[in-house]
Structure formats: structure tokens, C-alpha cells
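Residue numbering restarts at 1 for every chain, and letters A, B, ... go by the order of the sequence lines. Hydrogens, waters and symmetry mates play no part in the numbers below; they use all other heavy atoms, side chains included. From a predicted model like this one, the values you see are computed outputs, not experimental measurements.
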Protein chains: 2
Amino acid sequence: MASKVPIDQPEAKTTVNPAAVREAALTLFAERGYHGTALSQIAGVLGIRTPSLYNHMRAKQDLLRDIVSETTEQVWADYEQAVEGVDDVVERLRRAARVYALRHATHRREALIVNRDIASVEEPARSRVLELRRRHAQAIKGLIDEGVREGRFDEPESTLAAFGILEMCVSIARWFREDGPQSAETVADTYSTYALRVAGLG
Amino acid sequence: MASKVPIDQPEAKTTVNPAAVREAALTLFAERGYHGTALSQIAGVLGIRTPSLYNHMRAKQDLLRDIVSETTEQVWADYEQAVEGVDDVVERLRRAARVYALRHATHRREALIVNRDIASVEEPARSRVLELRRRHAQAIKGLIDEGVREGRFDEPESTLAAFGILEMCVSIARWFREDGPQSAETVADTYSTYALRVAGLG
DNA sequence: CCTACCGATCGGTAGG
DNA sequence: CCTACCGATCGGTAGG
């Protein structure tokens with residue numbers, strides 16, 4: 001028998017744990033989609049066999065559901081925090097757009113998965129996610145309406161504008177590179193300006 | 001033997017042909033994604049067995065490649081036609097955005113598939129598609145730059161603005177309903193106005 | 001257009 | 001963490 005004395009510190013080797021599984025799933029789901037990713041590929045990235053994954057997760061669907069649900073909850077929390085205590089409606093929309101844009105630059109994989117594979121999330125999680133997204137879009141629409149009433153914005157089609165603003169921010173996840181010429185913060189600032197323009201800032 | 005006299009007019013029954021297969025694939029790929037759609041589901045919609053599909057197509061991948069390639073070629077053709085003979089740069093950008101927005105309202109399924117499953121298109125078709133998309137984005141960026149030089153637009157980050165404009169139009173495919181309150185043309189007009197605002201129309 | 005069938009791979013379990 | 005294995009399903013072919 002080879003000397004395999006148990007010691008307190010394990011050999012310096014990457015530990016596989018639930019967080020590592022999620023991290024691998026995040027990358028692969030974002031690249032190939034939920035249905036385009038096999039658990040054997042996730043296992044491969046981690047250097048283990050497929051059945052060993054089940055020491056760290058319950059099911060493939062759980063990986064997707066957790067990623068989509070947590071991301072969507074955080075988007076809503078971001079929004080609430082961004083506008084909290086801010087009275088000026090222009091500044092409220094600017095901050096709401098900025099924080100949404102920023103998240104899409106800093107959490108690209110999560111954003112891509114939410115926007116691509118939301119239909120593959122099983123109930124009841126899917127309904128909860130869709131409800132949160134509706135609420136977010138409604139909140140943005142409400143800001144535009146409010147600004148129009150106050151004479152700060154000029155855009156009667158607030159629903160169309162709200163969708164346009166949000167999806168413009170989502171697009172950041174498709175092309176942003178961390179090592180690119182612009183920082184996430186700069187891009188977020190720029191896109192929040194676009195949001196105000198779409199709303200018809202006077 | 002039942003009387004099955006061949007007559008010129010076939011019994012009034014939906015004929016399965018390559019166009020019908022493509023139509024079914026279009027709907028299912030858009031709903032569930034390429035990897036999320038089984039050929040058995042396409043066959044089911046058409047009321048035939050899976051192997052019978054092969055009388056009307058060569059492979060599942062061909063269905064995807066044709067949809068994505070033809071749509072992308074048409075987007076580029078749309079663009080060229082929209083700006084042809086138009087000198088004013090503001091009008092050129094307005095028309096380019098309008099035609100792109102319009103296509104996303106009138107060809108929702110195609111647009112959803114292109115944006116979701118482009119990574120599943122095999123080479124060499126994928127490279128051709130990506131090249132056309134790059135060319136389109138570059139053209140939009142070029143219009144913004146041109147307008148800035150002429151003092152018509154005010155947006156130094158033309159690359160960011162071009163991506164934002166295009167993706168804002170893409171978003172239409174996600175929420176537009178033919179039976180909704182707005183016509184495709186109205187939505188396209190509205191979004192082309194947003195495009196000019198993002199470009200910093202003075 | 002069908003039935004019958006192919007090898008490959010899927011997500012997941014048993015049992016250690 | 002592994003090997004061995006499960007039933008189900010995948011895209012696709014043979015042959016009529």
C-alpha cells in the first residue's frame with residue numbers, strides 16, 4: 001500500500017465543491033445553453049466523472065434554477081437599492097439604468113443564461129422569475145411616466161421605451177470584455193445616458 | 001382494398017413539404033431553442049413519424065443553418081436597400097434602424113433563433129453569419145461617426161451606441177405581438193426615433 | 001409515408 | 001471520489 005497518511009491539509013489540489021460546480025455550469029450554460037450542455041462536460045471541466053457531480057448538487061435543473069432565480073432576485077434588489085431615497089425622477093431612471101447596465105457587464109454569464117434559458121426553468125420558479133421581471137419593467141415604465149408628468153421626459157410610449165432601455169442594457173452582456181478598452185463602470189455610465197435620451201430627456 | 005382512386009386533386013389535407021418542415025422548426029426552435037427541440041417534436045406537429053422528415057430535409061443542422069443564414073443575409077440586404085440613395089446621414093440612420101426594427105417585429109421567430117442559437121450553427125456557415133453581423137454593426141457605427149463629423153449627432157462612443165441601437169431593436173422580437181395595440185410599422189417608427197436619440201441627435 | 005432498428009448519449013442511481 | 005449500470009431518448013439509416 002502506498003503511504004497515504006491522512007493529514008490535516010489536503011494536497012494542494014483544486015477542491016470540488018458546490019460552488020465550483022456552479023461556476024463550471026455558469027460558464028458552460030452561458031456558452032452552449034442549458035440544453036446544449038451535458039453534465040459530462042461540467043464534470044470534465046472539474047476533472048471528475050459525471051456521477052461524482054451528485055455529491056455537490058441534486059439535479060441539472062437545480063443548477064439552472066438557482067442561477068436564474070438568484071440573478072433575477074438580485075436585479076430587483078439592485079433596482080430598489082439604486083432608487084431608494086432618490087427624489088429626482090431623472091436621477092432615479094439614471095441610477096436604475098446604470099445599475100442594470102453594470103450588472104450586465106459584471107455578471108455576463110448569468111445575464112446570458114437568464115435571457116436564453118428562462119423558458120427551461122421549471123415551475124414554480126419560472127413564474128416567480130417572470131413576475132419579478134415584469135415588476136422591474138413596470139417600475140422603469142413608471143419612472144418614464146412620472147418624468148413625463150413632471151415635464152422632465154418627453155416620450156408617450158413609455159412601455160416601448162422601457163423595454164428598449166432594458167434590452168439595450170442586456171446587450172452589454174453580449175459584447176463586453178473585462179480586458180476591453182472600457183471599464184464596466186464607464187460602459188454603465190454611457191448606457192444610463194442613452195436610457196435618459198430614449199426617455200426623451202428635455 | 002378500399003377505393004383509393006388517384007385523382008388530380010388530393011384529399012383536402014395539409015401537405016407536408018420542405019416549407020412545412022421549416023415552418024414547424026421555426027416555431028419550435030424559437031420556443032425551445034435548437035438543442036431543446038427534438039426532431040420527434042417537429043414530426044409530431046406535422047402529424048408524421050420522425051423518419052418521414054427525411055423526405056423533406058437532410059439533417060436537423062441544415063434546418064438551423066438555413067434559418068440563421070438566410071435571415072442574416074436578408075438583414076444585410078435590408079440595410080443596403082434602406083440607405084441606398086439616401087444622402088442625409090440622419091435619414092440614413094433612421095431608415096437603417098427602422099428596417100432592422102421592422103424585421104424584428106415581422107420575423108420574430110427567425111430573430112429569436114438567430115440571437116439564441118447562432119453558436120450552434122456549424123462552420124463554415126457560422127463564420128459567414130458572424131462576419132455579416134460585424135459588417136452590419138460597423139455600418140451603423142459608421143453612420144454615427146459620419147453624423148458626428150457633420151455635427152448632426154453628438155455621441156463620441158459610436159461603437160457602444162451602435163450596439164445599443166441594434167440590440168434595442170432586437171428586443172422587439174421578445175415582446176411584440178401581432179394582435180397587440182401597435183402595428184409593426186408604428187413600433188419600428190418609434191424605435192428608429194430612439195436610435196436617433198441614442199446617437200445624440202442635436 | 002411507414003416500421004424496425006442503429007449506436008451514441010442523456011440525466012441519474014446503486015453500491016461501494 | 002469511483003465503476004457499473006439503468007431506462008429513455010437522441011439524430012439518423014435500412015428497407016420497403
Side-chain angles (χ1 to χ4, degrees), chain A residues 1-2 4-7 9-26 28-29 31-68 113 117 120-122 125, chain B residues 1-2 4-7 10-26 28-29 31-68 113 117 119-122 125:
Chain A
M1 296 263 284
K4 206 63 180 299
V5 186
I7 49 177
Q9 273 139 299
E11 274 112 309
K13 204 197 164 198
T14 312
T15 317
V16 175
N17 55 32
V21 172
R22 182 196 171 109
E23 176 69 17
L26 215 38
L28 289 169
F29 288 174
E31 273 175 10
R32 309 154 189 236
Y34 177 70
H35 287 302
T37 303
L39 288 181
S40 61
Q41 296 173 315
I42 296 177
V45 164
L46 298 168
I48 61 177
R49 303 287 185 173
T50 305
S52 303
L53 283 175
Y54 287 84
N55 293 311
H56 309 291
M57 55 163 236
R58 283 217 303 274
K60 188 190 183 190
Q61 170 70 207
D62 288 22
L63 292 174
L64 176 66
R65 193 202 50 230
D66 288 353
I67 291 168
V68 172
I113 294 166
D117 290 316
S120 300
V121 175
E122 292 172 7
Chain B
M1 297 263 286
K4 206 63 180 296
V5 185
I7 48 177
E11 274 112 306
K13 201 195 167 197
T14 313
T15 316
V16 175
N17 55 31
V21 172
R22 183 199 172 106
E23 176 69 16
L26 215 38
L28 288 169
F29 288 174
E31 272 175 11
R32 308 151 191 238
Y34 177 70
H35 287 302
T37 302
L39 289 181
S40 60
Q41 297 173 314
I42 295 177
V45 165
L46 297 169
I48 61 177
R49 304 286 184 174
T50 305
S52 302
L53 284 175
Y54 286 84
N55 292 311
H56 309 290
M57 54 163 234
R58 282 218 303 275
K60 188 190 181 190
Q61 170 70 207
D62 288 22
L63 291 174
L64 177 66
R65 192 203 51 231
D66 288 353
I67 291 168
V68 172
I113 294 166
D117 290 317
S120 300
V121 176
E122 291 172 8

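Looking at residues two or more places apart in sequence or on another chain, you find a side-chain hydrogen bond (donor to acceptor under 3.5 Å, both in side chains) between A:Gln61 and A:Tyr34.
Stem analysis of DNA chain D (Watson-Crick or G-U pairs, both distances under 3.5 Å, runs of at least three) returns C:1-16 with D:1-16.
For the atom pair OH of B:Tyr54 and CZ of B:Arg49, the computed distance is 16.0 Å after rounding to the nearest 0.5 Å. Note that CD of A:Gln41 and CZ of A:Arg32 are 4.5 Å apart. Values are rounded to the nearest 0.5 Å.
Heavy atoms of A:His35 sit nowhere under 4.0 angstrom from any nucleic acid atom.
In this structure, CD1 of A:Ile42 is placed 11 Å from P of C:dC10, rounded to the nearest angstrom. Regarding B:Leu53, its CG atom lies at a distance of 11 Å from the C1' atom of C:dC1, rounded to whole Å. The distance from atom CD of B:Gln41 to atom C1' of D:dA8 is 14 Å, rounded to the nearest whole Å. Between A:Arg49 atom CZ and D:dA4 atom P the separation is 10 Å, expressed in whole Å.
Between B:Met57 and B:Asp62, every side-chain heavy-atom pair lies at or beyond the 4.5 Å cut-off. The closest side-chain heavy-atom distance from A:Leu63 to A:Ile42 is below 4.5 Å. Between A:Leu46 and A:Leu53 the shortest side-chain heavy-atom distance falls below 4.5 Å. Residues A:Val68 and A:Asp117 have side chains not in contact (no heavy-atom distance under 4.5 Å, counting atoms from C-beta outward).
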Margin query: I need a per-nucleotide contact map over nucleotides 11-16 of chain C, read 5' to 3'. Cutoff is protein heavy atoms under 4.0 Å; write B for the base, S for backbone only, - otherwise.
Written below: SBB---
Notebook entry, point to check: Going through the checks in order, is the side chain to side chain contact (heavy atoms under 4.5 Å, CB included) test met by A:Phe29 and A:Lys60?
Noted result: CA-CA 11 Å; A:Phe29 288 174; A:Lys60 188 190 183 190; 4.3 Å; yes
